[in-house]
Amino acid sequence: MLDIKLIRENPAGVRDRLKTRRCSVDIAALLELDERRRAAITEGERLKSQRNEVSKKIGVLKKAGEDTTEIQHQSRELGEQIAARDADVRSIEETQHQWLLAIPNLPHESVPEGEDATQNVVVREWGLRHDFSFTPQDHVALSETLGLFDFERAARLAGAGFPLATGAGARLKRALIQFMLDMHTTQHGYTEVAPPHIVSTAAMIGTGQLPKMAADMYELPADGLWLIPTAEVPVTNIYRDEIIRQPLPIKLVAQTPCFRREAGAAGKGTRGLIRVHQFNKVELVQFVPPATSYAALDKLVGDAENVLQALGLPYRVLLLSSGDMSFAAAKCYDIELWAPGHGGWLEVSSCSNFESFQARRANIRWKNAEGKNEFVHTLNGSGVALPRLMVAILENGQQADGSVVLPEALRPYMGGLERLTPQA
RNA sequence: GGAGAGAUGGCGGAGUGGCCGAACGCGCCGGUCUUGAAAACCGGAUCCCGCGCAAGCGGGACGGGGGUUCGAAUCCCUCUCUCUCCGCCA
């Protein structure tokens, strides 16, 4: 949520920056509404001040045993006027609040202006995309011969897009989770948390999924709850409505399933594990002092990259253009893995600085150096998402004989196994 | 799911209709004393919003929301959460 004061102080600047993400807001109308809101508040407070005086007088007169019928009548009338003013204020505030909730974050000045993903900027590339002496297979074919996933039978359980890992595939998934959590907690300074996978509407509003993304999420209407689309939601909301007293930054890592309806996304290019309704993801979340949030973002991207480097997988880092960023982000880097069988890059991580956008929605503050309450900056990034990571491991590690050589760093988590071999 | 108890400032804990934003204790900040520290003593400190260049003025907040009343931390309703007991249960 943007600060209405910022909009008031620099309406043209806000409008222009929103325009770079193809969002146009009627700033003038919003400010006019704000004008009305403040006028109603001022008038209501003037009346309340009057009533307070009159009430005080009633107390004094009663104590003196005097008649207060007339003055009580006066106070009651004031009360009625106040109630009317308060109703105005509430209704205007509600309108304004809904309006502000629907406005995306302002892009940071370092974000390249662009219409969409085609204007994203490749910041760096790491690792070698090696040539195969044979035609590389895609992960669906590989996992079939290796017996890692059963896509056919999985459809019986919840339909397409809900993968069923089997045997070494299930173990690989577990090993990767363990491997990544260990790395972030022991090398990057994160504290592991294990949050609920279901959250309230308030939590979804706090991180910005609602009201905009309702159609993309699984809802439990009987309970007013939602399945999380990412651990970002429960983990960021841990500190909702709180003034954080402990020293910042707070760095948390969580591994959870993520549920996404991906409505309308089925079809080509979504085979196997590429785009699924349920997947696991290791998520990094930080609460930092505003002054350090951009340095923290760079470091956060590095934390995710370290996972891929340790696994020896070729990747590239993109700086997203203003038009391609998600609703709440001020700046965002994507990390994409090279998938030779798929023949393209696969996004496995998205690392964003939300500045105070989420903190303002979720009301997360801290005591800054001057002892003043201030909204924190929140960041998060995948570290990393599992299905596409598995795709890359399989497709990059495949051999001519159909086996897959596992990254060395992963072997201790696979009971020393060096390679996945076809089932007899 | 049923019955009961409770929710007050950073923490503990008073306060049951009218200068209560809230006694008191702890903790915190500043000062005096001290070579330094502790102790003791003195002083200070909540947050949100509106108006104002500012000094400041005003409004609101005692878990959330609503109500009664001229006036609510205090009375009523409701929701949430915590605790105790019973039931159910992986």
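Atom CD1 in Ile244(A) sits roughly 17 Å away from atom P in C47(B) (whole-Å rounding). As rounded to whole Å, 11 Å separates atom P of G9(B) from atom CZ of Arg245(A). Atom pair Lys372(A):NZ and U46(B):P shows a separation of 10 Å (rounding to whole Å applied). For the pair Asp34(A) CG and C49(B) C1', the computed distance is 12 Å after rounding to whole Å. Put simply, CD on Glu242(A) is 21 Å from P on U46(B), counting in whole angstrom units.
No contact: Lys56(A) has no heavy atom under 4.0 Å from any strand. Heavy atoms of Arg8(A) sit under 4.0 angstrom from primed sugar atoms or phosphate atoms, though from no base atom.
Taking only side-chain nitrogens and oxygens, Arg365(A) comes nearer than 4.0 Å to OP1 or OP2 of C48(B). Within the 4.0 Å cut-off from OP1 or OP2 of G59(B), at least one side-chain nitrogen or oxygen of Asn52(A) is found. Side-chain nitrogen and oxygen atoms of Ser55(A) include none within less than 4.0 Å of the OP1 or OP2 phosphate oxygen of G18(B).
Residues of residues 37-46 of chain A having a heavy atom closer than 4.0 Å to RNA chain B, listed by number: Arg37(A), Arg38(A), Ile41(A), Thr42(A), Glu45(A).
Annotation: C19(B) and G71(B) have their C1' atoms spaced 13 Å apart (nearest Å). Atom name P, nucleotides G17(B) and C28(B): the rounded distance is 37 Å, in whole Å. Spacing between G21(B) and A45(B) at atom C1', rounded to whole Å, works out to 13 Å. With both ends at atom C1', the span from C48(B) to G13(B) equals 25 Å, rounded to whole Å. For the P atoms, the distance from A5(B) to U78(B) is 14 Å, rounded to whole Å. Between G10(B) and A23(B), the two P atoms lie 14 Å apart (nearest whole Å). Nucleotides G63(B) and A14(B) have their P atoms positioned 14 Å apart, rounded to a whole Å.
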Quiz: residues 104-113 of chain A side-chain donor-acceptor pairs under 3.5 angstrom, not counting sequence neighbours:
| residue | atom | partner | partner atom | Å |
| --- | --- | --- | --- | --- |
| Asn105(A) | ND2 | Ala328(A) | O | 3.0 |
| Asn105(A) | ND2 | Phe354(A) | O | 3.2 |
| His108(A) | ND1 | Ser110(A) | N | 3.2 |
| His108(A) | ND1 | Ser110(A) | OG | 2.7 |
| Ser110(A) | OG | Lys331(A) | NZ | 2.8 |

Donor-acceptor list for residues 150-162 of chain A side chains, cut-off 3.5 Å, not counting sequence neighbours:
| residue | atom | partner | partner atom | Å |
| --- | --- | --- | --- | --- |
| Asp150(A) | OD1 | Glu152(A) | N | 3.4 |
| Asp150(A) | OD1 | Arg153(A) | N | 3.0 |
| Asp150(A) | OD2 | Arg153(A) | NH1 | 2.7 |

If you look only at distance, which donor and acceptor atoms sit under 3.5 Å apart when one is on a side chain in residues 76-86 of chain A and the other is two or more places apart or in another chain?
| residue | atom | partner | partner atom | Å |
| --- | --- | --- | --- | --- |
| Glu77(A) | OE2 | His73(A) | NE2 | 3.4 |
| Arg85(A) | NH2 | Asp88(A) | OD2 | 3.3 |
| Asp86(A) | OD1 | Lys48(A) | NZ | 3.3 |

Writing each nucleotide of RNA chain B 5' to 3' as (, ), [, ], | or . by Watson-Crick or G-U pairing under 3.5 Å yields ((((((((.[[[..)..(.....]]].(((((.......))))).((((((....)))))).[[[[[..)....]]]]])))))))....
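Using a 4.0 Å cut-off between charged side-chain N and carboxylate O, Arg8(A) and Asp34(A) make a salt bridge.
Within the structure, every pair that satisfies the salt bridge (charged side-chain N to carboxylate O under 4.0 Å, His left out) test and touches residues 353-363 of chain A, not counting sequence neighbours, is listed here: Asp3(A)-Arg360(A).
Judged by the 6.0 Å distance and 45° axis criteria, Lys212(A) is not positioned over the aromatic ring of Phe327(A).
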